[in-house]
Amino acid sequence: MPSTSRSASPTGTTETPKARRLPALAALAAAVALAAGTAAPAYAADPAPTETSTTTEAPSTTEQADRHLPPIHPERDFAGSTVAAHEGRGSTAGIAALAVTQTPGLDVASYQGNVNWSSVASKGARFAYVKATEGTTYRNPYFAQQYNGSYNAGLIRGAYHFALPDRSSGSAQANWFVDHGGGWSRDGRTLPPALDIEYNPYGATCYGLSQSGMVSWIRSFSDTVRSRTGRYPTIYTTTNWWATCTGNYGGFGSTNPLWIARYASAVGTLPNGWSYQTFWQYADSGTFPGDQNLFNGAYDRLQALANG
(Lines give C-alpha, C1' and ligand atoms only; values in the text may rest on other atoms or scores of the structure.)
Protein backbone atom coordinates (compact mmCIF):
# COMPACT_ATOMS: atom_id res chain seq x y z
CA MET A 1 0.00 0.00 0.00
CA PRO A 2 1.19 3.58 -0.55
CA SER A 3 2.55 5.03 2.64
CA THR A 4 1.48 8.37 4.05
CA SER A 5 1.94 10.14 7.36
CA ARG A 6 -0.57 9.16 10.04
CA SER A 7 -1.61 12.79 10.20
CA ALA A 8 -1.66 13.40 6.47
CA SER A 9 -4.26 15.90 5.46
CA PRO A 10 -7.38 14.67 3.65
CA THR A 11 -5.93 15.95 0.40
CA GLY A 12 -2.83 13.79 0.84
CA THR A 13 -0.31 16.57 1.44
CA THR A 14 2.50 15.86 3.91
CA GLU A 15 2.42 17.87 7.10
CA THR A 16 5.24 18.85 9.41
CA PRO A 17 5.08 17.85 13.11
CA LYS A 18 4.02 21.39 13.92
CA ALA A 19 1.29 21.31 11.30
CA ARG A 20 0.00 18.02 12.69
CA ARG A 21 -1.09 19.67 15.91
CA LEU A 22 -4.75 20.43 16.29
CA PRO A 23 -5.62 24.11 15.78
CA ALA A 24 -6.70 26.01 18.85
CA LEU A 25 -10.19 26.34 17.46
CA ALA A 26 -11.69 23.94 14.96
CA ALA A 27 -14.17 24.98 12.32
CA LEU A 28 -17.68 23.78 13.06
CA ALA A 29 -18.48 20.66 11.09
CA ALA A 30 -21.88 20.59 9.42
CA ALA A 31 -24.16 17.90 10.78
CA VAL A 32 -26.03 16.07 8.04
CA ALA A 33 -29.35 14.38 8.72
CA LEU A 34 -29.13 10.60 8.50
CA ALA A 35 -31.82 8.02 8.04
CA ALA A 36 -30.14 5.86 10.65
CA GLY A 37 -32.67 5.77 13.50
CA THR A 38 -32.64 7.50 16.85
CA ALA A 39 -29.95 5.30 18.41
CA ALA A 40 -27.29 6.48 15.97
CA PRO A 41 -28.31 9.94 14.72
CA ALA A 42 -26.28 12.60 12.98
CA TYR A 43 -24.24 14.69 15.40
CA ALA A 44 -23.56 18.40 15.56
CA ALA A 45 -19.96 19.46 16.08
CA ASP A 46 -18.54 20.66 19.39
CA PRO A 47 -15.88 23.36 19.78
CA ALA A 48 -12.39 21.91 19.70
CA PRO A 49 -10.28 21.96 22.87
CA THR A 50 -7.19 24.13 22.89
CA GLU A 51 -3.77 22.57 22.47
CA THR A 52 -3.02 23.19 26.15
CA SER A 53 -6.30 21.79 27.48
CA THR A 54 -5.93 20.33 30.98
CA THR A 55 -9.47 19.04 31.41
CA THR A 56 -9.67 16.27 34.00
CA GLU A 57 -12.45 14.14 35.32
CA ALA A 58 -13.60 13.96 38.91
CA PRO A 59 -12.21 10.72 40.41
CA SER A 60 -14.87 8.25 41.47
CA THR A 61 -13.16 7.39 44.78
CA THR A 62 -10.97 9.02 47.41
CA GLU A 63 -8.15 6.67 46.41
CA GLN A 64 -8.25 8.01 42.85
CA ALA A 65 -8.15 11.58 44.14
CA ASP A 66 -5.07 10.72 46.19
CA ARG A 67 -3.23 9.58 43.08
CA HIS A 68 -3.00 13.15 41.75
CA LEU A 69 -3.75 11.94 38.25
CA PRO A 70 -2.16 14.02 35.49
CA PRO A 71 -4.24 16.17 33.13
CA ILE A 72 -5.43 14.34 30.06
CA HIS A 73 -4.57 15.13 26.43
CA PRO A 74 -7.44 13.45 24.55
CA GLU A 75 -6.57 15.19 21.29
CA ARG A 76 -3.45 12.99 21.20
CA ASP A 77 -5.16 9.73 22.20
CA PHE A 78 -6.61 7.43 19.56
CA ALA A 79 -6.86 3.72 18.76
CA GLY A 80 -3.24 2.67 18.53
CA SER A 81 -1.63 5.87 19.82
CA THR A 82 0.32 3.82 22.38
CA VAL A 83 0.86 0.63 20.38
CA ALA A 84 3.95 1.31 18.27
CA ALA A 85 5.90 2.69 21.24
CA HIS A 86 5.27 -0.49 23.23
CA GLU A 87 5.19 -3.16 20.53
CA GLY A 88 6.92 -1.65 17.49
CA ARG A 89 6.12 -1.92 13.80
CA GLY A 90 6.85 -4.73 11.38
CA SER A 91 6.55 -5.22 7.65
CA THR A 92 3.03 -5.55 6.25
CA ALA A 93 4.23 -6.92 2.92
CA GLY A 94 2.44 -10.26 3.25
CA ILE A 95 -1.03 -8.90 3.90
CA ALA A 96 -2.06 -9.03 0.23
CA ALA A 97 -1.64 -12.81 0.28
CA LEU A 98 -4.14 -13.48 3.10
CA ALA A 99 -6.27 -16.51 2.27
CA VAL A 100 -9.59 -15.18 3.55
CA THR A 101 -11.20 -12.23 1.80
CA GLN A 102 -10.54 -9.03 3.75
CA THR A 103 -12.47 -5.76 3.54
CA PRO A 104 -10.40 -2.55 3.91
CA GLY A 105 -11.22 0.32 6.22
CA LEU A 106 -9.76 2.88 8.61
CA ASP A 107 -10.16 4.55 11.96
CA VAL A 108 -9.83 8.26 12.68
CA ALA A 109 -9.94 10.70 15.59
CA SER A 110 -9.59 14.44 16.09
CA TYR A 111 -5.96 14.02 14.99
CA GLN A 112 -7.16 13.78 11.38
CA GLY A 113 -9.45 16.81 11.49
CA ASN A 114 -11.92 17.10 8.61
CA VAL A 115 -11.55 14.05 6.38
CA ASN A 116 -12.13 14.02 2.62
CA TRP A 117 -14.48 11.06 2.69
CA SER A 118 -15.20 10.96 -1.02
CA SER A 119 -11.47 10.52 -1.63
CA VAL A 120 -11.29 7.82 1.05
CA ALA A 121 -14.18 5.93 -0.55
CA SER A 122 -12.64 6.23 -4.02
CA LYS A 123 -9.49 4.53 -2.70
CA GLY A 124 -11.48 1.50 -1.60
CA ALA A 125 -12.36 1.99 2.07
CA ARG A 126 -15.61 0.29 3.00
CA PHE A 127 -15.84 1.05 6.72
CA ALA A 128 -14.59 3.49 9.35
CA TYR A 129 -14.44 3.63 13.12
CA VAL A 130 -14.47 7.18 14.54
CA LYS A 131 -13.39 8.24 18.01
CA ALA A 132 -16.34 9.79 19.81
CA THR A 133 -15.31 10.18 23.43
CA GLU A 134 -12.68 9.69 26.13
CA GLY A 135 -13.23 9.39 29.86
CA THR A 136 -16.40 11.22 30.91
CA THR A 137 -15.67 14.75 29.69
CA TYR A 138 -14.11 14.67 26.23
CA ARG A 139 -15.94 14.66 22.89
CA ASN A 140 -14.12 14.57 19.56
CA PRO A 141 -14.78 18.03 18.03
CA TYR A 142 -14.60 16.54 14.52
CA PHE A 143 -16.97 13.68 15.28
CA ALA A 144 -19.90 15.06 13.30
CA GLN A 145 -17.84 15.59 10.15
CA GLN A 146 -16.15 12.21 10.43
CA TYR A 147 -19.11 10.07 11.53
CA ASN A 148 -21.72 11.65 9.27
CA GLY A 149 -19.28 12.22 6.42
CA SER A 150 -18.18 8.59 6.24
CA TYR A 151 -21.81 7.48 6.22
CA ASN A 152 -22.73 9.86 3.43
CA ALA A 153 -19.75 8.70 1.37
CA GLY A 154 -21.17 5.17 1.49
CA LEU A 155 -19.00 3.66 4.24
CA ILE A 156 -20.31 1.53 7.08
CA ARG A 157 -19.26 3.42 10.18
CA GLY A 158 -19.12 3.07 13.93
CA ALA A 159 -17.99 5.03 16.99
CA TYR A 160 -15.36 4.15 19.60
CA HIS A 161 -14.48 5.26 23.12
CA PHE A 162 -10.93 5.68 24.46
CA ALA A 163 -10.98 4.16 27.94
CA LEU A 164 -9.41 5.71 31.04
CA PRO A 165 -10.16 3.06 33.67
CA ASP A 166 -8.44 4.93 36.51
CA ARG A 167 -10.60 8.03 36.08
CA SER A 168 -14.14 6.73 36.51
CA SER A 169 -16.18 3.54 36.39
CA GLY A 170 -16.84 1.46 33.31
CA SER A 171 -20.56 2.18 33.51
CA ALA A 172 -19.99 5.93 33.79
CA GLN A 173 -17.75 5.99 30.73
CA ALA A 174 -20.13 3.74 28.79
CA ASN A 175 -23.03 6.09 29.49
CA TRP A 176 -20.98 9.11 28.45
CA PHE A 177 -20.03 7.32 25.25
CA VAL A 178 -23.56 6.23 24.33
CA ASP A 179 -24.91 9.69 25.12
CA HIS A 180 -22.36 11.32 22.80
CA GLY A 181 -22.05 9.23 19.68
CA GLY A 182 -21.81 5.60 20.75
CA GLY A 183 -25.27 4.56 19.66
CA TRP A 184 -26.34 1.88 17.23
CA SER A 185 -29.18 1.35 14.74
CA ARG A 186 -30.05 -1.72 12.71
CA ASP A 187 -29.71 0.21 9.45
CA GLY A 188 -27.02 -1.96 7.87
CA ARG A 189 -24.59 0.97 7.99
CA THR A 190 -23.72 1.27 11.69
CA LEU A 191 -21.10 -0.95 13.35
CA PRO A 192 -21.32 -2.01 16.99
CA PRO A 193 -19.94 0.63 19.37
CA ALA A 194 -16.30 -0.06 20.25
CA LEU A 195 -14.16 0.13 23.40
CA ASP A 196 -10.51 1.14 22.88
CA ILE A 197 -8.61 -0.35 25.82
CA GLU A 198 -4.82 -0.12 25.46
CA TYR A 199 -1.61 1.05 27.13
CA ASN A 200 -2.11 3.98 29.48
CA PRO A 201 -0.84 7.17 27.79
CA TYR A 202 -0.52 8.86 31.20
CA GLY A 203 1.35 6.39 33.37
CA ALA A 204 1.07 2.82 34.65
CA THR A 205 0.35 0.38 31.83
CA CYS A 206 -2.73 -1.09 33.50
CA TYR A 207 -4.01 2.19 34.97
CA GLY A 208 -3.27 1.03 38.51
CA LEU A 209 -5.93 -1.69 38.35
CA SER A 210 -5.41 -5.33 39.24
CA GLN A 211 -6.11 -7.91 36.55
CA SER A 212 -9.43 -8.83 38.14
CA GLY A 213 -10.21 -5.14 38.60
CA MET A 214 -9.57 -4.49 34.91
CA VAL A 215 -11.82 -7.38 33.89
CA SER A 216 -14.56 -5.98 36.12
CA TRP A 217 -14.15 -2.51 34.61
CA ILE A 218 -14.40 -3.85 31.05
CA ARG A 219 -17.38 -6.00 32.02
CA SER A 220 -19.16 -2.97 33.48
CA PHE A 221 -18.52 -0.95 30.33
CA SER A 222 -19.60 -3.80 28.06
CA ASP A 223 -22.77 -4.61 29.97
CA THR A 224 -23.81 -0.95 30.08
CA VAL A 225 -23.32 -0.51 26.33
CA ARG A 226 -25.27 -3.72 25.75
CA SER A 227 -28.10 -2.50 27.97
CA ARG A 228 -28.20 0.92 26.30
CA THR A 229 -27.80 -0.09 22.63
CA GLY A 230 -28.67 -3.76 22.33
CA ARG A 231 -25.13 -4.61 21.14
CA TYR A 232 -22.06 -5.78 22.97
CA PRO A 233 -19.19 -3.47 22.11
CA THR A 234 -16.30 -4.45 19.90
CA ILE A 235 -13.13 -4.58 22.04
CA TYR A 236 -9.99 -2.96 20.61
CA THR A 237 -6.75 -4.09 22.26
CA THR A 238 -3.41 -5.83 21.74
CA THR A 239 -2.56 -9.38 22.75
CA ASN A 240 0.31 -8.23 24.97
CA TRP A 241 -1.74 -5.58 26.77
CA TRP A 242 -4.60 -8.02 27.30
CA ALA A 243 -2.34 -10.68 28.80
CA THR A 244 -0.63 -8.18 31.08
CA CYS A 245 -3.65 -6.26 32.30
CA THR A 246 -6.44 -8.84 32.36
CA GLY A 247 -4.38 -11.98 33.01
CA ASN A 248 -5.39 -13.10 29.51
CA TYR A 249 -9.00 -13.37 30.59
CA GLY A 250 -11.09 -15.38 28.12
CA GLY A 251 -14.64 -14.46 29.04
CA PHE A 252 -15.44 -11.86 26.39
CA GLY A 253 -14.80 -13.92 23.27
CA SER A 254 -18.32 -15.34 23.03
CA THR A 255 -20.05 -11.95 23.13
CA ASN A 256 -17.72 -9.13 22.02
CA PRO A 257 -16.14 -8.84 18.56
CA LEU A 258 -12.35 -8.47 18.68
CA TRP A 259 -10.53 -5.54 17.06
CA ILE A 260 -6.87 -6.50 17.37
CA ALA A 261 -3.93 -4.13 16.89
CA ARG A 262 -0.71 -5.58 15.51
CA TYR A 263 1.52 -3.74 13.04
CA ALA A 264 2.89 -6.66 11.07
CA SER A 265 2.18 -8.92 8.10
CA ALA A 266 0.26 -11.45 10.21
CA VAL A 267 -2.21 -10.99 13.03
CA GLY A 268 -0.29 -13.37 15.31
CA THR A 269 -1.56 -14.91 18.53
CA LEU A 270 -4.91 -13.55 19.66
CA PRO A 271 -6.02 -12.83 23.22
CA ASN A 272 -7.56 -15.73 25.12
CA GLY A 273 -11.21 -16.34 24.33
CA TRP A 274 -11.14 -15.29 20.69
CA SER A 275 -10.46 -17.80 17.92
CA TYR A 276 -10.44 -15.11 15.22
CA GLN A 277 -10.36 -11.34 14.94
CA THR A 278 -13.27 -9.35 13.50
CA PHE A 279 -11.12 -6.30 12.74
CA TRP A 280 -7.35 -6.00 12.47
CA GLN A 281 -5.56 -2.66 12.75
CA TYR A 282 -2.41 -3.64 10.88
CA ALA A 283 -0.68 -0.25 10.38
CA ASP A 284 -0.81 3.29 11.70
CA SER A 285 -0.30 4.87 8.27
CA GLY A 286 -0.99 3.95 4.69
CA THR A 287 -3.53 4.47 1.93
CA PHE A 288 -6.17 6.09 4.13
CA PRO A 289 -6.02 8.86 6.73
CA GLY A 290 -5.45 7.54 10.25
CA ASP A 291 -4.96 3.84 10.91
CA GLN A 292 -5.29 1.04 8.36
CA ASN A 293 -7.71 -1.78 9.13
CA LEU A 294 -9.12 -4.96 7.65
CA PHE A 295 -12.46 -6.57 8.37
CA ASN A 296 -11.99 -10.33 8.46
CA GLY A 297 -14.41 -11.28 5.71
CA ALA A 298 -16.21 -10.14 2.59
CA TYR A 299 -18.35 -7.02 2.44
CA ASP A 300 -21.63 -8.91 2.90
CA ARG A 301 -20.32 -10.22 6.24
CA LEU A 302 -19.50 -6.66 7.28
CA GLN A 303 -23.08 -5.72 6.47
CA ALA A 304 -24.28 -8.68 8.53
CA LEU A 305 -22.24 -7.47 11.51
CA ALA A 306 -23.75 -4.02 11.16
CA ASN A 307 -27.24 -5.49 11.13
CA GLY A 308 -26.60 -7.48 14.29
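Note that the structure is a prediction, hence the values are computed from the model and not measured.
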Report the C-alpha separation of I197 and W241 in whole Å, then their side-chain angles, then the decisive distance to 0.1 Å, and conclude whether the side chain to side chain contact (heavy atoms under 4.5 Å, CB included) test is met.
CA-CA 9 Å; I197 186 84; W241 185 92; 3.2 Å; yes
For T238 and R262, test the side chains for any donor-to-acceptor distance below 3.5 angstrom and give the result as yes or no.
no
Please test D166 against L164 for side chain to side chain contact (heavy atoms under 4.5 Å, CB included), starting from the C-alpha separation and ending with a verdict.
CA-CA 6 Å; D166 57 346; L164 298 178; 4.2 Å; yes
Working to the nearest 0.5 angstrom, can you tell me the gap between Q303 CD and D187 CG?
11.0 Å
From CG (N307) to CG (D300), nearest 0.5 Å
11.5 Å
Could you check if a side-chain atom of S110 sits within less than 4.5 angstrom of a side-chain atom of K131, using non-hydrogen atoms only?
no
V115 backbone acceptor or donor facing Q145 side chain under 3.5 Å
yes
Test of understanding: with side chain to side chain contact (heavy atoms under 4.5 Å, CB included), list the residues that count as partners of V215, not counting sequence neighbours.
T246, Y249, F252
My understanding is that only residues two or more places apart in sequence, or in another chain, count here; which of them pass side-chain hydrogen bond (donor to acceptor under 3.5 Å, both in side chains) with Y199?
E87
Check side-chain hydrogen bond (donor to acceptor under 3.5 Å, both in side chains) between N240 and all other residues, then give those that pass, not counting sequence neighbours.
none
Quick check on the hydrophobic clustering: are Y232 and W259 connected, directly or via other members, by side-chain heavy-atom contacts under 4.5 Å?
no
Do the non-hydrogen side-chain atoms of L155 and R126 ever get within less than 4.5 Å of each other?
no
Are R139 and F143 side-chain neighbours, meaning at least one heavy-atom pair lies under 4.5 Å?
no
Among residues at least two apart in sequence or on other chains, which ones pass salt bridge (Lys or Arg N to Asp or Glu O under 4.0 Å) with R228?
D179
With sequence neighbours left out, the residues meeting side-chain hydrogen bond (donor to acceptor under 3.5 Å, both in side chains) with D196 are none
Test item: N256 side-chain N/O and P233 main-chain N/O as donor-acceptor pair under 3.5 Å:
yes
Between E198 and T237, is any pair of side-chain heavy atoms under 4.5 Å apart?
no
Answer yes or no: is there a donor N or O on one side and an acceptor on the other, between the side chain of W217 and the main chain of L209, under 3.5 Å?
no
Could you tell me if the side chain of N140 sits less than 4.5 Å from the side chain of T133, heavy atoms only?
no
Which is it for W242 and L270 under the side chain to side chain contact (heavy atoms under 4.5 Å, CB included) test, yes or no, and what are the steps along the way?
CA-CA 9 Å; W242 192 262; L270 298 177; over 6 Å; no
To the nearest 0.5 Å, tell me how far T278 OG1 sits from L294 CG.
12.5 Å
OG1-CG distance between T239 and N248, expressed to the nearest 0.5 angstrom:
8.0 Å
Rounded distance [0.5 Å steps], CG in N152 versus OG in S118
11.5 Å
Using the ring of Y151 (Phe, Tyr or Trp, six-membered ring only), decide whether R189 places NZ or CZ under 6.0 Å from its centre and within 45 degrees of its axis.
yes
Kindly indicate, with the supporting measurements, whether the criterion side chain to side chain contact (heavy atoms under 4.5 Å, CB included) is fulfilled by T136 and R167.
CA-CA 8 Å; T136 56; R167 303 281 173 152; over 6 Å; no
Output the distance between atom CD (Q146) and atom CG (N148), rounded to the nearest 0.5 Å.
10.5 Å
Quick check: does any side chain N or O of T229 sit under 3.5 Å from a backbone N or O of W184, one acting as donor and the other as acceptor?
no
Validation row: H161, Q173 side chains within 4.5 angstrom (heavy atoms)
yes
Kindly say whether S150 contributes a backbone atom to a donor-acceptor pair with the side chain of R157 at under 3.5 angstrom?
no
Could I get the full list of ring-ring contact (aromatic ring centres under 6.0 Å, His included) partners for F127, not counting sequence neighbours?
F279
Taking the six-membered ring for Trp, are Y202 and H73 closer than 6.0 Å centroid to centroid?
yes
Would you say W176 and I72 are hydrophobically clustered, going by side-chain heavy atoms of ILVMFWY under 4.5 Å?
no
Mark yes or no for whether E134, through its side chain, and A163, through its backbone, hold a donor-acceptor pair below 3.5 Å.
no
N/O donor-acceptor pair under 3.5 Å between Q277 side chain and V267 backbone:
no
For N296 and Q102, which I'm curious about, is there any donor-acceptor pair between the side chains at under 3.5 Å?
yes
Once you measure the plane-to-plane angle for Y282 and W280, does it fall in the parallel (<30°), tilted (30-60°) or perpendicular (>60°) bin?
perpendicular
Check this for me: Y276, atom OH, are more than 12 non-hydrogen atoms of other residues, nucleotides or ligands nearer than 6.0 Å?
no
Could you tell me if the side chain of L305 sits less than 4.5 Å from the side chain of T234, heavy atoms only?
no
With the side chain counted from C-beta on, respond yes when L106 and D291 share a heavy-atom pair under 4.5 Å apart, and no when they do not.
no
Look at the side chain of S222 and the backbone N and O of I218, then say whether any donor-acceptor pair between them is shorter than 3.5 Å.
no
Please evaluate residues D284 and Q292 with respect to the criterion side chain to side chain donor-acceptor pair (under 3.5 Å), reporting the C-alpha separation (whole Å), side-chain torsions for both, the decisive distance (0.1 Å), and the verdict.
CA-CA 6 Å; D284 55 3; Q292 315 299 294; over 6 Å; no
